[in-house]
Amino acid sequence: MSALPPIELQAPDLYRWAAGNTGTPYVWSFDAGRPGPQVMVQALTHGNEICGAIALDRLLADQGQWQVQRGRLVLAFGNLEAFARWDPAAPDRSRYADEDFNRVWADEALSGSVDSLERRRARLLRPFVDAADLLLDLHSMREPCEPLMVCGTTGRGGDKGVALSRQLGVPGVLLVDTGHPSGLRMIERGAFADPGHPRTAVLIECGQHWESAAAEVAHDTLLRFLAHAQVLGGDYVTRRLQALGRTPPARQRVVRVTEAVVAHSPAFRFVRPFRGLEVVPKAGTLIATDGETQFHTPCDDTVMVMPSVTPPKVGATMVRLGRYEDA
Ligand SMILES: [Zn+2]
């Protein structure tokens with residue numbers, strides 16, 4: 001595993017939000033009493049991705065300064081069991097408690113007999129997710145990498161996510177991928193994955209988990225998402241965006257993932273360290289081995305999407321391979 005990046009962010013004390021106002025701990029709902037979209041934002045799908053928690057904590061702390069003008073706004077902290085294990089001295093250990101919270105969102109996983117702390121939480125959050133017209137899931141990445149939006153999967157809602165991200169104007173890289181064989185993500189659940197249905201969900205990777213910029217990206221993206229949804233009245237969002245002072249990228253490029261490289265054994269190894277969004281110029285370049293199996297780049301200018309630095313587990317996605325659409 002690569003060296004531990006510095007921990008610049010401090011995890012917020014979220015206990016003040018524990019009660020929620022929905023009957024579900026750490027879930028807050030604000031209803032305009034007027035028709036409009038149900039808009040949901042989640043942080044802490046992964047317990048060590050604290051930038052999103054910082055952004056939601058700020059929004060909740062500011063609730064005297066904004067009001068929902070139409071529809072409903074739901075703010076949820078996801079995996080508190082994992083977050084409770086957060087320890088800056090061992091920051092990789094609090095990603096999840098029993099299993100990855102972002103692989104349990106298929107009906108079979110939620111309704112099945114398998115029990116885990118994450119499935120229990122997902123079963124509680126399911127009604128909120130299934131009622132959301134627009135959903136933003138706030139994440140970050142283990143390795144330094146520019147922010148990117150996971151827009152969904154090809155043919156299953158990914159293009160809706162791209163269209164939404166273009167309306168937000170952020171971030172600069174829009175990823176359409178192939179999902180994970182190990183389970184369904186929240187943004188792929190139900191009608192989110194139906195290209196013909198208006199419900200849309202996106203997942204922002206705000207940068208490296210613990211860099212201070214990640215919290216700014218999370219906050220900025222959250223505000224732009226709320227502005228797009230036109231869910232808050234008044235000038236709160238405009239004021240906060242101005243105070244942050246971040247300039248949207250000059251252009252947004254779509255990376256389309258063509259295949260996922262999945263570990264078949266613990267022997268999986270990259271032939272050299274790769275960083276996120278690295279472009280490998282030549283088709284057929286050896287990138288990894290797994291026992292006798294070799295993995296090569298499928299095309300010229302293959303984009304390495306979020307190479308994993310955690311020890312390989314059977315069935316885990318180690319890297320996604322893609323291309324810039326305008327390449
Ligand atoms: Zn994550």
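The chain is numbered in sequence order, starting from 1. In listed order, ligands and their atoms are each counted from 1.
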Practice problem: With sequence neighbours excluded, give me every ring pair (Phe, Tyr, Trp, His ring centres under 6.0 Å) pair touching residues 109-168. | Solution: His46-His139
Practice problem: Taking 2.8 Å as the upper limit, name the protein N, O or S atoms near the Zn ion (ligand 1). | Solution: His46 ND1, Glu49 OE1, Glu49 OE2, His139 ND1
Quiz item: Any idea how Trp86 and Trp210 line up, ring-wise: parallel (<30°), tilted (30 to 60°), or perpendicular (>60°)?
Solution: tilted
Quiz item: If you look at every heavy atom in Pro147 and Pro171, which pair is closest and at what distance?
Solution: O-CB, 3.8 Å
Quiz item: Just one of Asp301, Val255, Val254 clears the side chain to side chain contact (heavy atoms under 4.5 Å, CB included) bar with Tyr324, so which one?
Solution: Val255
Quiz item: Do Asp194 and Lys160 meet the salt-bridge criterion of a basic N to acidic O distance under 4.0 Å?
Solution: no
Quiz item: About how many Å separate SG of Cys151 and CG of Asp159, when rounded to the nearest 0.5 Å?
Solution: 9.0 Å
